Amino acid sequence: CIPRREVRPQCGIMPAVDLVVDTDLSIDVDDVGALCLAHALADRGEAQLLAMTHDSGLFPHGVRALSAINKFYGRGDLPIGAYVGEVGDPESTHVEPPFLWTRNGRGHYVDELVAQWPQGGSTTGRSVAKLPRAVRVLRDALATAADASVVIAAIGFATNLRDLLRSPRDSDGDGLPPGVELVREKVRRLVWMGGRARPVWSIHPPEWNFAACGGEASCGPYNKLGEITNVTLDEWPAAVPISFLGFEAGVEVQTGGFLRDYPDGSSPCADGYRAFCSRMGGWCGVGGRASWDPMAVLYAVRGNSYGRYDIEPGRMMVDPRSGRNTWDHRGGLSRGTGQENLLLSPRWYTNISAEIDRLLYEAPLLQPPSLPPSPPPRPPASPQPLLASPGSPSLASQETDGLMLAKTALTSAFVLLLLLLVLLECALVTVRRPRRPADPTPRDGAASRPRSKAARRTRGDGAPRQKHGRRERPWRTLREDEQELGQEGGYAGADEAGPSAGDS
């Protein structure tokens, strides 16, 4: 069976995680990345999507954009719930500087997704008015799930979570227990993207999901978020753990940048990133947008299986007026709360970014809907699969295959050339190596024969070999010296006596 990273439904190594995603899909585009990543994990068999709920007042456009992403991935019938309230409602929100970038809660990509991409039946036309509320969808999803099996990925405001906790018994005649009991019985963990791990109130602004504008007078209904977050934390059952992924963990992890190179109409994921980054260019880097929400969804499904995060137990506290949070990880209040903060070392930034981009890179496993006509694709800057065409290769994918083959052939030729050069150099070194000369032939012309040990101590002419820079002198007797001098015509001592008689 293939490894878990490539798991498919037939693999069965790990059971699929029952996942519910609660998103504020409106202003920042990392929600789009998180939803596309959730579908990719479901295609791999790692997650079982139970429902998705929208927690911002951007109604009905928010749920319609959510439905468009679901339908693109072949899950147009996935239950969707809507929050219908004033927090984030563009009609009742009139922000002032410095929060004009929110467009009164409308954001910069939702309208384009709704206009260009088809949605599921429950969110089209007038039927959107009958769309069930988020609390109804959450209660039904929890009721049908096994005990302690559901993981909720909260990547937006706490509006729906608060309403779920405060829902009474037999709400709308469903015969179910109160919301707090449903959560305590069915939810295994809440993964909440929000807050700061080490906030300094005099320097850092409040985190957006907890407080939005932080109680500013120019923020309208967003000012209520601090109180909503505070109530949700106070009423959440202590028996159900909460994992917080704070601002610091995801701000430096950029993902989705390659999606901007896809042609228009390739996928709602690519169109969302392109629309947002073209209007909010300073918020996007080379790698894309910061990855708070995709990282929260990824942790909700895969957990800390790779040991990337340092788990810090503690207690999250939020000021109801300003929405500013305090993370207590030392005192007695941090004991036994079931809460933990996910701290990420910078050495893991590239690793997590690559993992998220690989999931966003994959085409939908289920058959996608028919797509609206799109202009001819631009030549891709790097090898990319077109998300909208998993069944048949398009022109862009064929060009990509050709580039890959050419690159592979050039690389192989280069490696082969290097190998031939190395072999040639080795051969030349062997040829140029000096050969050891043979023993010299004796002066008398006799045939060469093995030399004795005494003979090897002298050179070929009979002179002693040099040893340590000096000439070796074999031992000689006095008689042998006299005989040698006599043959030369006289004794050496005559020379010392002065000139002979014949010289005078």
Side-chain angles (χ1 to χ4, degrees), residues 16-44 46-56 58 62-83 88 110 113 119-120 122-123 131-142 144-145 149-164 183 186-194 209 232 240 242-245 250 255-256 268-269 272 291-303 356 359-360 364:
V17 175
D18 290 338
L19 181 64
V20 173
V21 181
D22 184 50
T23 173
D24 65 339
L25 186 73
S26 56
I27 297 176
D28 207 335
V29 76
D30 62 329
D31 291 83
V32 174
L35 296 176
C36 297
L37 184 140
H39 282 286
L41 291 171
D43 287 346
R44 288 171 168 246
E46 298 183 50
Q48 176 68 36
L49 293 176
L50 302 182
M52 289 187 177
T53 53
H54 191 257
D55 54 43
S56 167
L58 184 58
V63 291
R64 282 177 169 169
L66 176 58
S67 177
I69 296 176
N70 293 346
K71 189 172 180 63
F72 173 77
Y73 279 91
R75 297 182 177 88
D77 57 348
L78 184 68
I80 295 178
Y83 163 76
V110 171
L113 295 185
Q119 300 101 47
S122 60
T123 58
L131 191 72
R133 299 300 177 253
V135 177
R136 172 80 275 139
V137 173
L138 290 173
R139 288 176 63 88
D140 291 343
L142 295 180
T144 57
S149 65
V150 179
V151 178
I152 299 178
I155 55 175
F157 306 142
T159 51
N160 290 336
L161 295 179
R162 179 203 58 179
D163 293 345
L164 172 63
V183 170
K186 301 292 186 176
V187 178
R188 188 177 78 193
R189 179 176 296 275
L190 170 65
V191 179
W192 194 341
M193 192 280 119
N209 283 356
T232 304
V240 181
I242 305 178
S243 298
F244 293 99
L245 193 144
T255 53
C269 311
S291 306
W292 300 290
D293 294 350
M295 290 170 62
V297 172
L298 185 65
Y299 187 87
V301 175
R302 293 184 174 176
I356 292 175
L359 292 169
L360 297 178

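Please read all numbers here as calculations on a predicted model, not as lab measurements.
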If we only count heavy atoms from C-beta on, is the [X] to [Y] side-chain gap below 4.5 Å?
X	Y	result
L25	V32	yes
L142	L164	yes
R302	L41	yes
M52	L78	yes
L359	L298	yes
D30	P294	yes
I80	H54	no
N209	W292	no

Let me confirm one number: the [atom1]-[atom2] distance from [X] to [Y], rounded to the nearest 0.5 Å.
X	Y	atom1	atom2	answer
I152	D18	CD1	CG	11.5 Å
T144	L50	OG1	CG	6.5 Å
Y73	L35	OH	CG	9.5 Å
C36	D31	SG	CG	11.0 Å
N160	R133	CG	CZ	11.0 Å
L113	I69	CG	CD1	6.0 Å

At their closest point, which heavy atom of [X] faces which heavy atom of [Y], and how far apart are they?
X	Y	value
S243	R189	OG-NH1, 2.7 Å
G81	V63	O-CG1, 4.2 Å
A16	Q48	CB-N, 4.0 Å
V191	A296	CG1-O, 3.5 Å
V17	A300	CG1-O, 3.9 Å
W192	A158	CZ2-CB, 3.8 Å

* **Residues D43, R75: salt bridge by 4.0 Å N-O rule** => yes
* Under 3.5 Å, is there a donor-acceptor pair between the side chain of S67 and the main chain of G120? -> yes
* Is the side chain of K186 donor-acceptor paired with the backbone N or O of A145 at a distance under 3.5 Å, no angle test? -> yes
* Under the side chain to side chain contact (heavy atoms under 4.5 Å, CB included) rule, what do L190 and L161 come out as? Steps first, then yes or no, please. => CA-CA 10 Å; L190 170 65; L161 295 179; 4.2 Å; yes
* Check whether the side chains of D55 and T159 place a donor and an acceptor atom closer than 3.5 Å, and report yes or no. => no
